[in-house]
Amino acid sequence: MVQSKRGCLIVISGPSGSGKTTLLRELYQRCNRPLVASVSATTRRPRPGEVDGVDYHFLDEDEFARRRAAGDFLECFEVYGRGHWYGTLRHEVATGLEAGKWVVLEIDVQGTKAIVDQFPDAVTIFVRPASTAELEQRLRRRATESEDELRRRLDVARRELDQADVYRYQVVNDDLAEAVSQLCRIVETCGD
Ligand code: ADP
Ligand code: 5GP
């Protein structure tokens, strides 16, 4: 439990391609808890199919800077390797926690450290691939990045994997069903 009397905070990170989106989709369907995603703000442009207010709150750089100066973010960083700002909005988390929800943040390692400083009881989970070779194969199969972009993501992934011990739990996403079960079990410890 964190700061709110009822809600909990769950933080998930992991390299691009480690399976966070896939695992979270399963978690939201299978875990019988009042989970809600915190929608971050970002200065990057929406990708095709992304919806403002659902995938992110898409802000231009001036608006992001204004909200940062106004103290609207619990944490915000220029996420390494992305070249854009991302931040967790204070009101997204507060609204969820006050309603007794289990608020899920999908953020990077810098953001996780800042959240843990403010919410020491947050449940932090790092999703790892079975190996970097497997990560590369998955990114290639997903086929959503150019070769340059893929190389860049793999470089970033190596640095992220080096910081995995910041997290309270690590889930190896090798067998999907096993990883989903582990994730559910960890999430269900929230509020104990
Ligand atoms: P992320 O959100 O961390 O970038 P994704 O959820 O998009 O990662 O997963 C990357 C790719 O790997 C997707 O094509 C997904 O279908 C596939 N994938 C995810 N988990 C597994 C798994 N356990 N075994 C095999 N493929 C997986
Ligand atoms: P995307 O692929 O959506 O452009 O970027 C996702 C990356 O940004 C991931 O590393 C994710 O963890 C990080 N990210 C998304 N939202 C936030 C946030 O609010 N704060 C921080 N610190 N990182 C975020």
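Sequential numbering from 1 along the given sequence is applied to the chain's residues.
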| said: Taking the side chain as everything from C-beta on, heavy atoms only, tell me whether C8 gets closer than 4.5 Å to D121. | reply: no
| request: Working to the nearest 0.5 Å, report the span between CG of L59 and NE2 of H84. | output: 13.0 Å
| query | Under a 4.5 Å cut-off applied to non-hydrogen side-chain atoms, are K20 and R25 in contact? | reply | no
| remark: Contacts of R44 meeting salt bridge (Lys or Arg N to Asp or Glu O under 4.0 Å) (sequence neighbours excluded), chain-then-number -> E50
| field | Candidate list P15, S13, S18, test side-chain contact (heavy atoms from CB on, under 4.5 Å), partner E160, passing option | value | P15
| Which pair of heavy atoms, one from L23 and one from A179, lies closest together, and at what distance? | CD2-CB, 3.8 Å
| message | According to a hydrophobic-cluster definition based on side-chain heavy atoms being under 4.5 Å apart (Ile, Leu, Val, Met, Phe, Trp, Tyr only), do I107 and V109 belong together? | response | no
| Can V156 be reached from Y86 by stepping across I, L, V, M, F, W or Y side chains whose heavy atoms are under 4.5 Å apart? | no
| request: Name all residues meeting the side-chain contact (heavy atoms from CB on, under 4.5 Å) criterion together with R138; count only those two or more places apart in sequence or in a different chain, and write none if there are none. | output: E134, R141, N173
| query | Does L183 belong to the same Ile/Leu/Val/Met/Phe/Trp/Tyr cluster as V104, with side-chain heavy atoms less than 4.5 Å apart forming each link? | reply | yes
| Are more than 12 heavy atoms from other residues, nucleotides or ligands located less than 6.0 Å from atom CG of D117? | yes
| Which atom pair, heavy atoms only, marks the closest approach of F58 to D52? | N-OD1, 2.8 Å
| Modelled atom types, side-chain donor and acceptor of T124 and T112, under 3.5 Å | no
| field | Spatial distance of atom CD (E26) from atom OG1 (T21) [nearest 0.5 Å] | value | 12.0 Å
| Passing option when D155 is tested against R159, R153, R158 for side chain to side chain donor-acceptor pair (under 3.5 Å) | R158
| message | With side chain to side chain contact (heavy atoms under 4.5 Å, CB included) as the criterion, how do K101 and L35 come out once you've worked through the C-alpha distance, each side chain's angles and the decisive distance to 0.1 Å? | response | CA-CA 6 Å; K101 303 280 190 197; L35 297 171; over 6 Å; no
| remark: Correct closest heavy-atom pair for G17 and L135 would be C-CD1, 3.4 Å
| query | Going hydrophobic residue to hydrophobic residue with side-chain gaps under 4.5 angstrom, can you get from Y169 over to L27? | reply | yes
| said: Rounded at 0.5 Å granularity, tell me how far CZ in R151 sits from CD in E136. | reply: 4.5 Å
| field | Point-to-point distance, once rounded to the nearest 0.5 Å, from SG of C31 to CG of L24 | value | 11.0 Å
| Nearest non-hydrogen partners of Y28 and A37, listed with the distance | OH-CB, 3.3 Å
Determine all donor-acceptor pairs shorter than 3.5 Å in which one atom belongs to a side chain in residues 71-79; sequence neighbours excluded.
unit_1 : atom_1 : unit_2 : atom_2 : d
D72    : OD2    : R67    : NE     : 2.9
E75    : OE2    : T88    : N      : 3.3
E75    : OE2    : T88    : OG1    : 2.5

| note | Between S38 and V103, the two heavy atoms sitting closest are CB-CG1, 3.8 Å
| Should V166 and K113 count as side-chain neighbours, where that means a heavy-atom distance under 4.5 Å? | yes
| task | Decide whether H57 and E92 meet the rule of one side-chain donor and one side-chain acceptor closer than 3.5 Å. | result | yes
| task | Grab the two heavy atoms, one from V180 and one from R30, that are nearest each other, plus how far apart they are. | result | CG1-NH1, 3.5 Å
| request: Taking atom CD of E61 as the centre, report whether more than 12 heavy atoms of other residues, nucleotides or ligands fall under 6.0 Å from it. | output: no
| said: Quick one, V11 with F126, criterion side chain to side chain contact (heavy atoms under 4.5 Å, CB included). Give me CA distance, side-chain angles, the key distance, then yes/no. | reply: CA-CA 8 Å; V11 180; F126 189 85; over 6 Å; no
| request: Would you mind reporting whether F119 and L97 have side-chain heavy atoms less than 4.5 Å apart? | output: yes
| field | N/O donor-acceptor pair under 3.5 Å between Q118 side chain and A114 backbone | value | yes
| request: With rounding to the nearest 0.5 Å, note down the distance linking CD1 in I186 to CD in Q170. | output: 10.0 Å
| said: According to a hydrophobic-cluster definition based on side-chain heavy atoms being under 4.5 Å apart (Ile, Leu, Val, Met, Phe, Trp, Tyr only), do W102 and V123 belong together? | reply: yes
| request: Could you tell me whether E145 and R142 make a salt bridge, using a distance below 4.0 angstrom between a side-chain N and a carboxylate O? | output: yes
| Going by an N to O cut-off under 4.0 Å, is there a salt bridge joining E63 and R68? | no
| How about R185: does its CZ atom have over 12 heavy atoms from other parts shown lying under 6.0 Å from it? | yes
| Can you find a heavy atom in the side chain of T132 that is under 4.5 Å from one in the side chain of L154? | no
| note | Distance col, row L105:CG vs S40:OG, nearest 0.5 angstrom, shows 7.0 Å
